[in-house]
Amino acid sequence: MAFLPDYAELYCLSNFSFLKGASHPEELVIQAGSLSYQAIAITDECSLAGVVRAHRAAKTHHIKLIIGSFFQIDTQLSLILIAPDRAAYGQLSALISLARSQAKKGSYQLSRSDLQGSVPNCLALLVVEPSSPDEIVQWAASTFPHRAWLTTSLHQDGQDTARLAHCQALAARFSLPAVASGAVLMHRQGRRALQDTLTAIRLNCPVSTLGRQLASNGERHLKPRQRLARSYPESMLAETIAIAKRCTFSLDVLRYEYPAELVPAGHTPASWLRVLTERGAAQHWPAGVPAKVTAMIEHELELIHALNYEPYFLTVHDVVAFARQQNILCQGRGSAANSAVCFCLGITSVDPSRASLLFERFISRERNEPPDIDVDFEHDRREEVIQYIYRKYGRHRAALAATVICYREKSALRDVSKALGGNPNSALCQQLTQTLIGFPRHLSQHVGGFVISRGPLSELVPTENAAMAGRSIIQWDKDDLESLGLLKVDCLALGMLSAIHRCFDLIAAHHGRTLSLAQVPADDKTVYDMLCRADTVGVFQVESRAQMSMLPRLRPRSFYDLIIQISIVRPGPIQGDMVHPYLRRREGKETVTYPSAEVKAVLERTLGVPIFQEQVMQLVIVAAGFSPGEADQVRRAMAAWKKRGGLGHFRKRLLDGMAARGYAPEFAERLYDQICGFGDYGFPESHAASFALLVYVSAWLKCHYPAAFTCALLNSQPMGFYAPAQLVADVRAHQVQVLPVDVRYSDWDCTLEPSDSCQPALRLGLRLIKGLGHAVGQRIMHSREHGAAFANVADLTHRAQLDRGALRALADAGALAGITGHRHQAWWQVLGVERPTPLFSATHNKESIPTLNPPTEAQDVVGDYRSMGLTLGRHPIALLREPLRKRGYRPASELKQKAHRRIARAAGLVINRQRPGAAKGVMFLTLEDETGIVNVVVWRNLAERHQHLLYQVRLLGVVGIWERRGDVEHLIAGRFENEDPFLGNLENQIT
Amino acid sequence: MLWLCLHFPQLKEGNAHLLEDAAEWALQFTARISLAPPQAVLLEIGGSLHYFGGLEALRQQIDNALAQQMWHVQSGIAPTPTAALLLARANDSTPVIHHAELGTRLGHLSVNTLALSNKQAMALQGLGCRSIDGLRSMPADGLARRLGRPLLMQLQCAFGERADPREYWAPSPTFTAKEDLTDESWQTHIPLAMLSKMIDQLCQRLQRLHAEVSTLVIELQHRQRPPTALSVGVLTPTRDAPRLKELLAQHLDNLTLKAPIIAVACTAGPFSMSQDAPTDLLATLDPAETQRASWQTLVEDLSSRLSKDRVRGLQLCDEHRPEYAWQYSAPAQQSDTSLPPMPRPLWLLEQPRPLAAPQGQPQYHGQLVLEQGPERIESGWWDGHDIRRDYYLASNTHGERLWIFRDRCKAGRWYLHGLFA
């Protein structure tokens, strides 16, 4: 065999050079390994977004990875900058950040002067073409003294000889070394069609019309060394090795440095964390911290210290402390959140003595994985927290993690078929689409994951502009951060926290009782009774129809039951068939057996059924012999297996591992199915525990203060599963009086008013009125507070400076009834208001008011719905009951008497349509009538045939089969009727 | 006075000429016609009743005539034009003959039969006012202040409480039509077809108006050049479409175009019965202009002599694959594609010809020497004609310079693809 020269590829764009590179970074690295390259550089265009993935692959496949980036400075000048060491890496990262900050999102801008002295440690490869002028070589030689190379890539376009000669001539003239490089876009030649397709997508033209804008051949792939040896002079190949040898930098050396300012002088992070923890504990247990808790705190602090995680807890504590000081509700969740330390620091309100959660289950010494704390804040106040972080650490030290938006089936098919200019069903199109799925498309901002650094962040990782003004993101996503051991603080927004806060405020104002998340009394039997009745409209997480149908069967009686409740009624466990075994065992109909003591230890708390993500990971460790690192890979694969194709490679490893440990094949197969079923939806126990607290708190509030709770929910809309109409109907069913919106009494928000019963009355707010602005509402409240009652519409108009639009909105909502009489009278007065002139503003010419016919009940109901989406009058279906009955429809209350498998007809307003991904195209409809709701199941074929109808019709008639299993009842749809004409008749009084 | 309103509910705004068509059609029943845009035409039929033999007979005839028109139309009959309009909009065709009936017949109609702005319609809905009676029951001043005086006036007109004079419509004594070609055209058959259609329309109109014309002015419009005008005249005024078309065809036959046609127009009128229009069939052509030779006329001459599809131009295409990098085009058409950077032979074989290549050495009239290359071309996977080839410039001892390639799809076989001059 002939002598093969060594080679390192130094110019290689992955698919993180969006719509240019046609291979994943991992593919490039692995292919370079199998071609026995000495090293490969990933040099994406002004980006390091793909390097962490490449780094992971390079470590697994034992090939050297070089970090660099390609820049097109101007039409003549392109160059590759390579980072040989940590200093150079920081310079490169900062340069990318600069280039990105000088252009709008998704592009970059760099001038030659930006490169002057900014990257003193980087190596520069100047890309030379036959047309390259001397001037750029001169520039490169002087800008990068002793670290500039000329490079050219040979792609057999017929000009290779000229290109190579020109490069060598320039190199000789300017005494610069020449080096070979591949300008690689693909790991294998087979990606040629995809690369052309990407070009077509980028240029937004069908591929057949692009002509010579496409590459003339598919040569920009990683080539075998034989071919390189034939194309390039030996010296140019040898130079690649010389450069690779100078590169000693690895991403592994990046050390995350926590912000230093959180530890006061005289303290170490450890001692300060102890002070804060003990201070919090003393506040919580003024009578003395229980011994059990003290022991937990000691244990946890020791663990945190052993892993050096103090600064992370301090950082999260600082953010949470700010929120508390600003009276913003928050609640932490995640692997480390539900610990005694976090409870003392105020990060979580889950009392460690209340739930038997082991801290070690969440943070593990062996796995050495960073702690993960997400903090939810009130959704309408999270921005204050974000601004605080920016203020405290500066924009150069804090940025959001990226979310890599990847091609999914639908978007890939759309773009490919557009690029092919035609048939999306062709084999070619399908094949390209399959390859394109999973390709990154652009970077977006993570919902709230902040990275905060000690020094300038841009020297750690490039930052770029986010779509939202004033936000910047880093080029790595959360997996990247995790694999490098960099920590992020997740600041998320949660509508329920806003609602709970409002509810606490209302209770303080009207009942004189102050509450916090931690102060809500635990283990209230009446609350669990209510949950078991599925009386949960508005309650966090358990208000959906799937949860409601499961509550009477799971019958949660304790806090841990709630954790299971919200984790099990999810697509993952449902698909993995975990619900029914759990139910049977809970009801004692089935005994639990464990194949081994290890498995028992993992699964005992959930009666042998894996429900939580953590259990799956522990199972593969104890039962199949995976290492913790491998188990972590399973977790990632679980989250992405639909996106990236298959868990297949784990299957054999899993089954073999379990067979070797003596587990029955059926058990192994079932476990594998359950893992697949988890998919995207597996819910970690550590998150469920925090959410369960909010379930309990919101249920407690609903149970004891229904008026305040509903009022708070209405003021936090839009959120949750139900619209205001259902929330109001529900609270009225709980004997709370609801008062109509009235310009004399209503605030912008819904409010509570004293009443005769034990619960206050709920006054609807102006915010419910369609087309009425917040500012208008404020003016109405202001003028009412600063003056007498409104005498008439003219007085109101003048004092609150209302325009016609606002007046009409008020009239339509019936909010003027108190000063004008019914809606029609209100309109007469509103129409009669003249534009106030400075002279005659208050003097209203007296004119007679005609007696207008009052609206019919139907007109009022229709008007209420049109303006506010709800009515305090009768349900519209009640007004249509007779004609509907004549057509054979029965009210929901009568259907409940029906026997299993009987034909039933129901008609109602469609208040909810759901087509969950896990339900394989099945659609769930909720129909509402004056007596209750009917749950309708529409099988896939039927749903697809009638899709248009199902999404358009407001009053739907369904003929089908009544199914009843225990307490769960639904109507299996067979046929639909569009009954909207009835609603039209209602409006036109033809009933 | 008795008014019949024809209401066209499907007529879109901006189609005013269709209302004029309807008015012209209605001339057969009365001369007193008034347009009520955007959707209605009013006919005063009180004066025609006697001639047509009474209201029922007249309605019968109108219905019969309407049936032939394929119009979607609703009608109403009332002593005031506004009332007729309201009835027509309500699709209530039972005639109201006497003023005294107006109160009961109009009162129950929906307010939506009035011409309402969106704002007015919203306001009426808010007031819960659905019928005209409801509207009339409100105090007139208050109503005018809230919904505007014009609405009140509309009501008063309908009930005959206010004079409602209408302006009578007179048919236009001229004809104008214009149409754009979908594509520039050097040929006259498409313009001729369009103009023929216009002549048909003209003659139908003339028929209806009992009028005739003696001259048509035809304009062939060009881009950046004044239009070519043709005057088609006849000795005696006529409305004979075939004859006019024949004359036009002759004119066009004798015409040499100086620029492609982008639009055609036809005007005629004022219509008249007189017979003194001057006609000179051959007056419009300038023989000197037809003599001017140009590339274009050469091509046209060649084309007419050799038949059109035998005269073609060649054009570069933006493509990597040599087979597709050129195409036939209209003669003398310019392409904005540049030449590829690498040399291409002037003569490309229709089909690549396989070359013998003993020991992998290609031969053509002897051993070939590879002078330049390879130029690798891989492209075209999207249309089923993917190629993967290495092209070389080669020469032999006869001094022939050839363009050959090795086909990487076919086990490296050699082919001759072109010859350099």
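Within every chain, numbering begins at 1; the chains are lettered A, B, ... in the order of the sequence lines, protein sequences first and strands thereafter.
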A.B. asks: With a 4.5 angstrom heavy-atom cut-off, which part of A193(A) approaches chain B: side chain, backbone, both or neither?
C.D. replies: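 Both backbone and side chain.
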A.B. asks: Quick check for you: among P340(B), G134(B), S379(B), which has the greatest number of heavy-atom pairs under 4.5 Å with chain A?
C.D. replies: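 Of P340(B), G134(B), S379(B), P340(B) has the most heavy-atom pairs under 4.5 Å with chain A.
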A.B. asks: Would you call M342(B) and Q159(A) a side-chain contact if the rule is heavy atoms closer than 4.5 Å?
C.D. replies: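 The answer is yes, as the side chains (C-beta and beyond) meet within the 4.5 Å cut-off.
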A.B. asks: Which atoms of L210(A) are under 4.5 Å from chain B, going by heavy atoms: the side chain, the backbone, both sets, or neither?
C.D. replies: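 Contact with chain B is through the backbone of L210(A) alone.
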A.B. asks: One pair to check against salt bridge (charged side-chain N to carboxylate O under 4.0 Å, His left out): R376(B) and E219(A). What are the steps and the verdict?
C.D. replies: CA-CA 8 Å; R376(B) 176 165 290 183; E219(A) 283 295 284; 2.5 Å; yes
A.B. asks: Given heavy-atom pairs under 4.5 angstrom as the criterion, report whether the side chain, backbone, both or neither of R321(B) touches chain A.
C.D. replies: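 Answer is neither: R321(B) stays 4.5 Å or more from chain A.
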A.B. asks: Report yes or no: do Q189(A) and E378(B) form a side-chain donor-acceptor pair below 3.5 Å?
C.D. replies: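 Result is yes, a qualifying pair exists.
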A.B. asks: How about CZ on R413(B), more than 12 heavy atoms from neighbouring residues, nucleotides or ligands closer than 6.0 Å, or not?
C.D. replies: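 Check fails, neighbour count at 12 or below.
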A.B. asks: At a heavy-atom distance under 4.5 Å, which candidate from G421(A), S216(A), P854(A), A811(A) has the highest pair count against chain B?
C.D. replies: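 It is S216(A).
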A.B. asks: Who wins among L428(A), T209(A), D160(A), L852(A) for the most heavy-atom pairs under 4.5 Å with chain B?
C.D. replies: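 The residue among L428(A), T209(A), D160(A), L852(A) with the greatest pair count is L428(A).
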A.B. asks: Using non-hydrogen atoms and a 4.5 Å limit, figure out which bit of I387(B) sits close to chain A: side chain, backbone, both or neither.
C.D. replies: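 Backbone of I387(B) only, per the 4.5 Å heavy-atom cut-off to chain A.
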A.B. asks: Distance from R388(B) atom CZ to N217(A) atom CG, nearest 0.5 Å?
C.D. replies: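 Reported value, rounded in 0.5 Å steps: 10.5 Å.
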A.B. asks: Calculate, to the nearest 0.5 Å, the distance between atoms CG and CH2 belonging to L420(A) and W381(B) respectively.
C.D. replies: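 Nearest 0.5 Å value for the CG-CH2 distance: 5.0 Å.
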A.B. asks: With rounding to the nearest 0.5 Å, note down the distance linking CG in D157(A) to NE2 in H320(B).
C.D. replies: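 With rounding to 0.5 Å, CG (D157(A)) is 10.0 Å from NE2 (H320(B)).
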A.B. asks: Out of curiosity, L127(B) CG to R823(A) CZ, how far, rounded to the nearest 0.5 Å?
C.D. replies: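 The CZ atom of R823(A) is 13.0 Å from CG of L127(B), to the nearest 0.5 Å.
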A.B. asks: Between L214(A) and chain B, with a heavy-atom cut-off of 4.5 Å, which part of the residue counts as in contact: side chain, backbone, both or neither?
C.D. replies: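 Interface part for L214(A): both.
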A.B. asks: Check whether A215(A) gets within reach of chain B through its side chain, its backbone, both or neither, counting any heavy atom under 4.5 Å.
C.D. replies: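 For A215(A), the contact with chain B is made by the backbone alone.
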A.B. asks: Could you check whether atom NZ of K770(A) has more than 12 heavy atoms from other residues, nucleotides or ligands sitting under 6.0 Å from it?
C.D. replies: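 Atom NZ in K770(A) is crowded, with more than 12 foreign heavy atoms closer than 6.0 Å.
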A.B. asks: If you count heavy atoms of other groups shown closer than 6.0 angstrom to CZ of R202(A), is the number above 12?
C.D. replies: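 More than 12 within 6.0 Å, yes.
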A.B. asks: Is P343(B) in contact with chain A via its backbone, its side chain, both, or neither, using a 4.5 Å heavy-atom distance?
C.D. replies: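 It is neither, since no heavy atom gets under 4.5 Å.
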A.B. asks: Supply the atom-to-atom distance W827(A) CH2 to Q125(B) CD, rounded to the nearest 0.5 angstrom.
C.D. replies: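 Atom-to-atom, W827(A):CH2 and Q125(B):CD are 8.0 Å apart.
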A.B. asks: Between Q156(A), H822(A), Q825(A), which has the largest tally of heavy atom pairs under 4.5 Å with chain B?
C.D. replies: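 Most heavy-atom pairs within the cutoff with chain B belong to Q156(A).
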A.B. asks: Can you confirm whether R808(A) sits close enough to K119(B) that some side-chain heavy atom of one is under 4.5 Å from a side-chain heavy atom of the other?
C.D. replies: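 Yes, close enough: below the 4.5 Å cut-off.
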A.B. asks: Are any of the side-chain heavy atoms of W828(A) and P139(B) separated by less than 4.5 Å?
C.D. replies: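 Yes, close enough: below the 4.5 Å cut-off.
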A.B. asks: If you measure from CG on L831(A) to CG on L124(B), what distance do you get to the nearest 0.5 Å?
C.D. replies: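 Going from the CG atom of L831(A) to the CG atom of L124(B) covers 8.5 Å.
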A.B. asks: Hey, are D386(B) and R192(A) close enough for a salt bridge, meaning a charged N less than 4.0 Å from a carboxylate O?
C.D. replies: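 Judged by the 4.0 Å cut-off on N to carboxylate O distance, D386(B) and R192(A) do form a salt bridge.
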A.B. asks: Find the one option among H155(A), R212(A), Q213(A) whose heavy-atom pairs under 4.5 Å with chain B are most numerous.
C.D. replies: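 Heavy-atom pair counts peak at R212(A).
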A.B. asks: Tell me, for T197(A) versus chain B, whether the close heavy atoms (under 4.5 Å) come from the side chain, the backbone, both or neither.
C.D. replies: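 Both the backbone and the side chain of T197(A) come within 4.5 Å of chain B.
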